[in-house]
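Keep in mind that the numbers below use all heavy atoms, side chains included, and drop hydrogens, waters and symmetry copies.
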Amino acid sequence: MRVALADDAALFREGLLLLLTTAGYEVVGCVADGDALVELLAAEPVDVAIVDIRMPPGAEGGLTTAARVRARHPHIGLLLLSHYAETLYLMRFLEIGTERIGYRLKERIAGVQVLTDTLARIDAGEIVIEPVLARRLVDRPAGPSGPLATLSPRESDVLRLMAEGRSNNGIAAALFLSAKSVEKNIASIFTKLDLPADSTAHHRRVLAVLRYLDARVSGD
């Protein structure tokens, strides 16, 4: 996998570069700001660009840069990094796209296993959301009306774990359910949230999570 890295903190940038190369990734370039990343990607093909949210230009230039990259190179995966799990960052992140994109905390991505899993999932077309942020949103009570109010307690548990980025097997293990039971609950969630039947299973799963997160954020 070919990776580009943009972060204005030299120490973190060099540390992540070492981690990436040790894990076997081909790092085509390391830059310190968004403009330099856009120039790099115009010259070098990459699979995933890793972008610091709070880097030049501007206080949150990484978000602006990510939007520019997605508009010019929609095939490139994006991994946005931050020291902070911010709801506002999440909503702006979701406006950039819901496929081949991730939002993780820097402290979490510093481990090889989390880093490689995250990059692999983004490269495969998934959306990856920092679990601590998902938990912060989903642990708040649901409103008295709307599609989420129609979910059973078990379906709400399943959707909460989906929002944390867990696979069906991970959900089954966390809730002590069979894989078939998890599949039935997910199918019921799709129906109650009125998600389009002609979408792929992965796309419907993303839509369900986004609807869940959006309902929680709307309560702010």
Side-chain angles (χ1 to χ4, degrees), residues 1-134 136 165 206 210 213 217:
M1 188 186 300
R2 290 170 59 87
V3 177
L5 172 59
D7 195 304
D8 63 327
L11 185 60
F12 180 83
R13 187 172 67 243
E14 293 303 316
L16 189 54
L17 170 61
L18 178 60
L19 192 64
L20 287 164
T21 54
T22 301
Y25 295 98
E26 181 181 355
V27 181
V28 301
C30 290
V31 296
D33 62 73
D35 292 337
L37 178 64
V38 171
E39 290 182 12
L40 173 64
L41 297 181
E44 294 282 355
V46 304
D47 299 301
V48 178
I50 302 175
V51 184
D52 176 28
I53 287 179
R54 301 186 69 172
M55 71 173 185
E60 299 168 4
L63 289 165
T64 303
T65 299
R68 292 169 64 192
V69 171
R70 180 50 55 97
R72 299 182 186 195
H73 312 281
H75 63 284
I76 293 179
L78 293 167
L79 172 56
L80 281 81
L81 301 179
S82 175
H83 285 298
Y84 311 99
E86 295 284 353
T87 300
L88 176 60
Y89 290 168
L90 175 63
M91 299 316 296
R92 291 186 59 189
F93 157 86
L94 295 175
E95 291 172 357
I96 295 170
T98 59
E99 295 185 356
R100 297 178 63 81
I101 192 167
Y103 171 18
R104 301 303 304 260
L105 292 179
K106 288 186 172 183
E107 64 186 50
R108 291 281 295 138
I109 213 70
V112 172
Q113 184 174 356
V114 174
L115 177 63
T116 56
D117 175 71
T118 299
L119 290 175
R121 290 170 60 190
I122 292 172
D123 191 48
E126 294 187 32
I127 182 172
V128 182
I129 297 173
E130 181 61 45
V132 67
L133 178 57
R136 181 189 302 170
V206 170
L210 295 184
L213 294 175
V217 172

Stepwise side-chain contact (heavy atoms from CB on, under 4.5 Å) check, Leu81 with Leu16
CA-CA 11 Å; Leu81 301 179; Leu16 189 54; 4.0 Å; yes
Roughly how far, to the nearest 0.5 Å, is the [atom2] atom of [Y] from the [atom1] atom of [X]?
{"X": "Met1", "Y": "Glu26", "atom1": "CE", "atom2": "CD", "answer": "12.0 Å"}
{"X": "Ile127", "Y": "Arg121", "atom1": "CD1", "atom2": "CZ", "answer": "9.5 Å"}
{"X": "Thr64", "Y": "Ile96", "atom1": "OG1", "atom2": "CD1", "answer": "8.0 Å"}
{"X": "Ile76", "Y": "Ile101", "atom1": "CD1", "atom2": "CD1", "answer": "12.5 Å"}
{"X": "Leu80", "Y": "Ile53", "atom1": "CG", "atom2": "CD1", "answer": "5.0 Å"}
{"X": "Thr116", "Y": "Ile109", "atom1": "OG1", "atom2": "CD1", "answer": "9.0 Å"}

I'd like to know if the side chain of Arg104 and the backbone of Leu79 have a donor-acceptor N/O pair within less than 3.5 Å.
no
Check whether any side-chain N or O of Arg54 sits under 3.5 Å from a backbone N or O of Glu60 as a donor-acceptor pair, and report yes or no.
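Looks like no, no N/O pair under 3.5 Å.
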Please state whether the rings of Tyr103 and Phe93 are parallel, tilted or perpendicular, taking 30° and 60° as the class boundaries.
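Judged by the thresholds at 30° and 60°, the geometry between Tyr103 and Phe93 is tilted.
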After noting the C-alpha distance and the side-chain angles of Val3 and Val46, does the key distance pass the side-chain contact (heavy atoms from CB on, under 4.5 Å) rule?
CA-CA 6 Å; Val3 177; Val46 304; over 6 Å; no
Under a 4.5 Å cut-off applied to non-hydrogen side-chain atoms, are [X] and [Y] in contact?
{"X": "Leu19", "Y": "Thr22", "result": "no"}
{"X": "Glu44", "Y": "Arg2", "result": "yes"}
{"X": "Thr118", "Y": "Val114", "result": "yes"}

Qualifying salt bridge (charged side-chain N to carboxylate O under 4.0 Å, His left out) pairs, either residue in residues 66-80, two or more places apart:
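For residues 66-80: Asp35-Arg68.
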Quick one: do Arg13 and Asp52 satisfy salt bridge (Lys or Arg N to Asp or Glu O under 4.0 Å)? Show the steps, please.
CA-CA 9 Å; Arg13 187 172 67 243; Asp52 176 28; over 6 Å; no
